[in-house]
Amino acid sequence: MGLLEGKNALIFGLANDKSIAWGITQAFHREGANLGISYAGEMLERRVRPLAEKVGCEWVEECDVSKDDQITAVAEKAAQHFGKIDVLVHSIAFAGRDELSKPYYQTSREGFRNALDISVYSFVALTNAFHSILNPGASVMCLTYYGSVKVAPHYNVMGVAKAALESSTRYLAYDLGPEKIRVNAISAGPIRTLAAAGVGGFRDMYKHFADMSPLRENITIDDVGNAAVFLASNMSSRITGEVLYVDSGFNTMGVQLGAKEEKSE
Ligand code: NAP
């Protein structure tokens, strides 16, 4: 029997088969979850529907999380279709190209507002909208990155947004704890996705990541999917407010030795 058998799981942020949300969707499917998928806009529907079919998902709904009315509508549709929800995944982020390439101090007010609105506030808003249909023991989660705690060149306002997202995770965990609803974040190492392609210098960083991390391996969307299964399942029933790193151990390094230095010893 799968770890998520009998659980209704909604995943927000599927864009294509490279998305972290797709790794999570497939892992949830393998573990027997009853799935619902939400995507950002009409443009994506063409790519998302065939993926949803692959995992037998019938509930596929559009939701632009920068719009309160769309969030309210999607929560109502979920309530009609599923009744109650056990797992809610937020795998959404956005920052403008300028914000991810120019120096951080040149961030515009509008760019800052947009990044924080879509990448952070939406997590709070979704949690609020779904609160009344979350089962006791439900698991809510979001995706973050190490650029929240240390400088990752070019990550800029997104690093600031991820810091706010991780902090939101803790405050939401506190609020919902008495109802036995858990809220956690997965901090994933770099993965080649649409969102990552927008970050200046990502390719170089990705290339060297494996050399610099203890496990000497890049991570995949399947690795994140498996960690998400753990957080979604009853196996993690006393874990809340946490940031779980799925990054081959990269975040534990204080001094980074590249592959070259190691060979010359
Ligand atoms: P992705 O496939 O591009 O997923 C990002 C998703 O956010 C897309 O589906 C995107 O839709 C959606 N989105 C953007 N604006 C939205 C809005 N207003 N309403 C609803 N959805 C919106 O990239 P990903 O790498 O899998 O990103 C998923 C999450 O993982 C993000 O939180 C990201 O920061 C995080 N993460 C990624 C990495 C990495 O290296 N890839 C590492 C750590 C954490 P559109 O395509 O239509 O904009």
Side-chain angles (χ1 to χ4, degrees), residues 3-4 9-31 33 35-41 43-44 47-52 54-55 57 60-61 63-65 87-95 100 115 118-120 122-123 126-127 139-148 152 155 158-159 161-162 165-166 168-169 183-199 202-203 205-206 209-210 213 215 217-233 236 242-251:
L3 282 168
L4 304 181
L10 297 191
I11 297 157
F12 282 75
L14 182 60
N16 56 35
D17 65 357
K18 305 283 183 295
S19 294
I20 290 177
W22 180 234
I24 296 174
T25 302
Q26 288 175 294
F28 281 11
H29 175 61
R30 184 193 70 215
E31 298 297 334
L35 292 167
I37 291 172
S38 177
Y39 59 94
M43 295 272 287
L44 286 183
R47 270 179 278 151
V48 170
R49 289 232 174 244
L51 291 176
K54 277 192 184 173
V55 292
C57 170
V60 184
E61 293 293 341
C63 177
D64 176 348
V65 296
V87 184
L88 189 63
V89 178
H90 175 286
S91 186
I92 290 172
F94 174 82
L100 297 173
I118 296 173
S119 315
V120 188
S122 64
F123 186 50
L126 279 179
T127 304
S139 172
V140 178
M141 69 188 88
C142 62
L143 272 300
T144 186
Y145 176 62
Y146 186 54
S148 61
Y155 202 56
M158 192 48 76
K162 292 304 191 192
L165 184 68
E166 290 171 23
S168 295
T169 300
V183 187
N184 291 291
I186 294 177
S187 187
I191 301 178
R192 282 190 224 153
T193 64
L194 219 56
V199 182
F202 177 84
R203 279 168 66 123
M205 199 257 288
Y206 179 88
F209 178 84
S213 53
L215 291 176
E217 272 179 320
N218 276 97
I219 70 149
T220 67
I221 59 172
D222 301 324
D223 297 326
V224 182
N226 287 332
V229 166
F230 168 66
L231 287 180
S233 79
S236 58
E242 285 296 335
V243 177
L244 174 63
Y245 282 87
V246 181
D247 68 344
S248 291
F250 182 86
N251 77 94

Discussion item. Treating Ser236 as the side-chain partner and Leu231 as the backbone partner, does any N or O pair qualify as donor plus acceptor under 3.5 Å?
Written reply: yes

Worksheet item: Are any non-hydrogen side-chain atoms of Leu244 and Asn184 less than 4.5 angstrom apart?
Response: no

Discussion item. So Leu126 and Leu10, do their side chains get closer than 4.5 Å, heavy atoms only?
Written reply: no

Discussion item. For Asn251 and Ser187: C-alpha separation, side-chain torsions, deciding distance, then whether side chain to side chain contact (heavy atoms under 4.5 Å, CB included) applies.
Written reply: CA-CA 10 Å; Asn251 77 94; Ser187 187; over 6 Å; no

Discussion item. Within the structure provided, determine whether Asp247 and Phe209 are in side-chain contact (heavy-atom separation under 4.5 Å).
Written reply: yes

Worksheet item: Within the side chain of Ser38, is there an N or O that forms a donor-acceptor pair under 3.5 Å with the backbone of Glu61?
Response: yes

Worksheet item: Does some side-chain heavy atom of Tyr146 sit less than 4.5 Å from a side-chain heavy atom of Lys162?
Response: no

Discussion item. Return the CG to SG distance between Leu88 and Cys142, rounded to the nearest 0.5 Å.
Written reply: 10.5 Å

Worksheet, complete the sentence: Note: Phe202 and Pro190 closest approach over all heavy atoms is CE1-CB, 3.5 Å

Practice prompt. With the side chain counted from C-beta on, respond yes when Ser233 and Glu31 share a heavy-atom pair under 4.5 Å apart, and no when they do not.
Written response: no

Response to the item:
Note: Ile219 and Gly189 closest approach over all heavy atoms is CD1-N, 3.4 Å

Practice prompt. Work out which heavy atom in Lys54 is nearest to a heavy atom in His29; give both atom names and the distance.
Written response: O-NE2, 4.5 Å

Discussion item. Please check this pair: side chain of Thr169 against backbone of Val183, looking for a donor-acceptor N/O pair closer than 3.5 Å.
Written reply: no

Fill in: Atom of Phe123, atom of Val140 and distance for their closest heavy-atom approach
CE1-CG1, 3.7 Å

Worksheet item: Rounded to the nearest 0.5 Å, what separation is found between the CG atom of Leu4 and the OG atom of Ser139?
Response: 9.0 Å

Practice prompt. Report yes if the side chains of Val224 and Leu143 come closer than 4.5 Å at any heavy-atom pair, otherwise no.
Written response: yes

Item to complete: Carefully, step by step, assess Tyr206 and Arg192 under the rule side chain to side chain contact (heavy atoms under 4.5 Å, CB included).
Response: CA-CA 8 Å; Tyr206 179 88; Arg192 282 190 224 153; 3.0 Å; yes

Discussion item. So, taking the atom named CG in Asn218 and the one named CZ in Phe250, what distance separates them when rounded to the nearest 0.5 Å?
Written reply: 11.0 Å

Worksheet item: So how far is it from Leu51 CG to Asn16 CG, rounded to the nearest 0.5 Å?
Response: 7.5 Å

Worksheet item: About how many Å separate CZ of Arg47 and CH2 of Trp22, when rounded to the nearest 0.5 Å?
Response: 13.5 Å

Discussion item. Could you walk me through whether Val55 and Phe28 satisfy the side chain to side chain contact (heavy atoms under 4.5 Å, CB included) test, starting with their C-alpha distance in whole Å, then the side-chain angles of each, then the deciding distance to 0.1 Å, before giving a yes or no?
Written reply: CA-CA 9 Å; Val55 292; Phe28 281 11; over 6 Å; no

Worksheet item: Quick check: are there more than 12 heavy atoms from other residues, nucleotides or ligands sitting under 6.0 Å from CZ of Arg203?
Response: no

Item to complete: Could you tell me which non-hydrogen atom of Val60 sits nearest to which non-hydrogen atom of Cys57, and how far apart they are?
Response: CG2-O, 3.9 Å

Worksheet item: At their closest point, which heavy atom of Ala95 faces which heavy atom of Ala115, and how far apart are they?
Response: CB-CB, 4.2 Å

Worksheet entry | Backbone N/O of Ile20 and side chain of Ser91: donor-acceptor pair under 3.5 Å | no

Worksheet entry | Spatial distance of atom OG1 (Thr220) from atom CG (Asn226) [nearest 0.5 Å] | 8.0 Å

